[in-house]
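Worksheet: the structure to be examined is printed underneath.
Reminder, nothing fancy here: chain letters follow the sequence lines and each chain counts from 1. The figures that follow rest on heavy atoms only: side chains count, while hydrogens, waters and symmetry mates do not. It should be emphasised that the depicted structure is a prediction, and the values quoted were computed from it without experimental measurement.
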There are 2 protein chains.
Amino acid sequence: MVLDVNRQAPREPKYYQVKRHLLQLIDTLPPGSLVPTERVLTVELGTSRTTVRQALSELVGEGRLVRRQGSGTYVAEPKIAWLLHMTSFTEQAAAAGYSASTQLLDAVRERASDDIAARLAIKPGAAVYCIERLRLADGTPMAVETSYLSAARFPGLIGHVRKTSSLYQVLADVYDTKPVNADETIETAAASPREAELLNTDTGSPMLVLGRHSFDAEGEPIEWVHSWYRGDRYVFVAKLAAGH
Amino acid sequence: MVLDVNRQAPREPKYYQVKRHLLQLIDTLPPGSLVPTERVLTVELGTSRTTVRQALSELVGEGRLVRRQGSGTYVAEPKIAWLLHMTSFTEQAAAAGYSASTQLLDAVRERASDDIAARLAIKPGAAVYCIERLRLADGTPMAVETSYLSAARFPGLIGHVRKTSSLYQVLADVYDTKPVNADETIETAAASPREAELLNTDTGSPMLVLGRHSFDAEGEPIEWVHSWYRGDRYVFVAKLAAGH
DNA sequence: GTATCAGAGTTGTCTAGTCCATTTGCATCG
DNA sequence: CGATGCAAATGGACTAGACAACTCTGATAC
C-alpha cells in the first residue's frame, strides 16, 4: 500500500510557466513593445504552440498584452479607471476627461421575459422597450449598453430617444421622471461575437458587466440596464465613506 | 477587382455555436443536472474535443457549469451576491446571512515595492507588513485577501493579528485608528495556481479582484488590500443614491 | 455483510500539425 | 514616383490523438 504524501499539491501547469516567463519579460518592456512571436516562443520554451497561446490568451485577457493578427503581439497600455456613480454616462466621461458620444444601435418594442418583468415590476409578456447603444469615449468604443423600460409607463419613448441621444434627458423632460436610487451589480462574463465586434475585441474575451437597476423617488423601478465593458481595458472605481 | 462586401462581419466561431447549444440546454435543466460528456458532445456536434472544451470552459468561467474531474460536468448554482460597503468582512458576511471565518495564511515583514510605497505614502523599500488571509463563509473558501500596512506606523502588528483574527479590531483597539474613507477598485484577472488551490478552482479561471485603499480621518492611507474572489461564483452589488 | 481492488469512464493537460485571415514589406509594373 | 500585386510572416481556428489524474461502480475476496 502506497501512502499518498502531498496529494494536495497541484503541480503548476506548463502553460503557467510560460505565462510567468512572459510576465517577467513584460515587466522589463514599455507599452507598445513587440514580444516574440508564438512560433519563436514555441521553440525557445520547448513547448507546443497551443500551450504558448494559452499563456498569451490569459495575458491578453488581463490587459497585459495585445495581439494583432498578421502583425504581432505587443505589450499593452495600462488599464483605464472608470468611476462608478449615480450620473449619466456623459457626465461620467467628462469627469474622467473624455469627450463622450453615443451611437444608437437598436431600439425595439418587445415582450418582457420573466426576468425583465420581475425587475420592472410588470407582468411577464408585457411590452417593454429594449434600447441598445454603443458608448464611445474620444471616439473609441467603450461599452455596449442595453436598457429595458416599461412601454406602458413611457409611451413613445423610442421616438424621443431617436431624436435626443440622452435617455436620462428624455426621462426628465418628457416623463418628468428621475432615478434617485440604484442597485449596481458587477460581474465577469465572456464576450459574445456581437459585443466583441462592437468593442473591437475577440469573442470570448473577459468582460466586466455592470448592471444597473434604478428607481424613482417612490421606489418604483424605472429601468434595467446592463453595460458590457472590456475587462482587459477598464478598472471600475468606487468611492466609499464609513457613514455609508 | 473584387469588391469586398461585408468584410466587417466576423463569422461566428464554431466553438460559439457549441456554446449556444449548451446554453439552450442549460436553461432547461435545474442546477446539479449532469450534462453530456465531452466525448458525447464531440460526436453529437461533429467537432473536436478541443472545441467542445473551449465552449465548456467559457461556461464554467461564467458560472453556468461546474466540472468535476473523473465525474462529469454539471449545471451550476446561481451566483452569490456580495454587497460592497465600508464594513469588515465579518459584518458583511453576517449581513448576507453567512457565518464568516478567517484563516491566517501568512504574515511577513518585507520591503515596499514602488507601487505599495506610493499607495501607503512611504518610501520605496521601507518596511511593510504583508498579511495574507483566507476568508471563508459557512466554511467554504470565498476570497484570498492580501493586506499591506506600514510597519513604522503599526509596530508589532503581526503579533496582534496572530492573536486577534480581525485586523480592523486590532487597528481600533491597539492603534486607535479607524478607516473612514476608501477607494475601491474592481477588475478581472485569471487565477494563479496558488489562488486556484486555495479557492478550490482551476488555474486561469476568471476572478473578480477587489482592491481597497483606505484612509483615516486625516486622509492618511492606512492599508492597501486586494481580495480575489471567484468570478464564476460571486456578483458584487453596490447601492447608490443620487446625492452621491 | 464488508472491505478491497480492478477497470471503465470522465475530465485535465499537452502535442503536432493543417488551413485560414490579415498584415507587412518588397518587387514589379505602369 | 506611385500604385499594384505577390509572398512571407504572423496570429486565429480547428483537428485528432496521446497520456495522466480522478471518480465511481461492480466484482471479488474475506
Side-chain angles (χ1 to χ4, degrees), chain A residues 1-2 4-19 22 33-61 65-76 191 193 196-197 200-205, chain B residues 1-2 4-19 22 33-61 65-76 191 193 196-197 200-205:
Chain A
M1 184 186 299
V2 179
D4 235 349
V5 191
N6 55 346
R7 293 172 53 253
Q8 282 305 71
R11 78 176 193 302
E12 180 179 56
K14 194 166 185 179
Y15 93 86
Y16 204 84
Q17 295 176 23
V18 178
K19 183 176 174 181
L22 286 165
S33 308
L34 194 60
V35 302
T37 71
E38 297 177 352
R39 283 160 176 101
V40 167
L41 288 167
T42 294
V43 298
E44 268 185 12
L45 303 176
T47 181
S48 73
R49 196 170 153 220
T50 312
T51 303
V52 169
R53 277 184 67 80
Q54 189 177 359
L56 288 170
S57 297
E58 262 184 31
L59 290 164
V60 168
L65 292 176
V66 174
R67 287 199 277 213
R68 283 171 45 203
Q69 184 174 4
S71 174
T73 306
Y74 303 83
V75 177
E197 184 190 354
N200 199 25
T201 184
D202 300 317
T203 301
S205 64
Chain B
M1 184 189 297
V2 179
D4 235 349
V5 191
N6 55 348
R7 293 172 53 252
Q8 283 305 70
R11 77 173 193 304
E12 180 178 56
K14 192 166 184 179
Y15 94 86
Y16 204 83
Q17 295 176 23
V18 177
K19 183 175 174 183
L22 287 165
S33 309
L34 194 60
V35 302
T37 70
E38 296 177 353
R39 277 158 177 106
V40 167
L41 288 168
T42 294
V43 298
E44 267 184 13
L45 304 176
T47 181
S48 74
R49 196 172 152 222
T50 311
T51 302
V52 169
R53 277 185 67 81
Q54 188 177 359
L56 289 170
S57 296
E58 263 185 30
L59 289 164
V60 168
L65 293 175
V66 175
R67 286 199 278 212
R68 283 171 44 204
Q69 184 174 5
S71 175
T73 306
Y74 304 83
V75 177
E197 183 189 355
N200 199 25
T201 185
D202 300 317
T203 302
S205 65

(request) Using the side-chain hydrogen bond (donor to acceptor under 3.5 Å, both in side chains) rule, take B:Arg67 and B:Ser57 through it: C-alpha gap first, then chi angles, then the decisive distance, then the call. (result) CA-CA 9 Å; B:Arg67 286 199 278 212; B:Ser57 296; 2.8 Å; yes
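Rounded to whole angstrom, the span from the CG atom of A:Asn200 across to the C1' atom of C:dT22 amounts to 14 Å. Taking atom CG of B:Leu41 as the reference point, atom P of D:dA16 lies 16 Å away to the nearest angstrom. Rounded to a whole Å, the CG atom of B:Leu34 is 15 Å from the P atom of C:dG9.
In summary, the side chains of A:Glu58 and A:Tyr15 do present a donor paired with an acceptor at a separation below 3.5 Å, with no hydrogens or angles considered.
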(message) At under 4.0 Å between heavy atoms, how does the protein contact nucleotides 6-14 of chain D? Give one character per nucleotide, 5' to 3', with B, S or -.
(response) ----BBBBS
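In this structure, A:Thr51 contributes its side chain and A:Thr47 its backbone to no donor-acceptor pair below 3.5 Å. With hydrogens and angles disregarded, a donor-acceptor distance shorter than 3.5 Å links the side chain of A:Ser205 to the backbone of A:Asp202.
Between B:Leu22 and B:Val52, the closest side-chain pair of non-hydrogen atoms is not below 4.5 Å.
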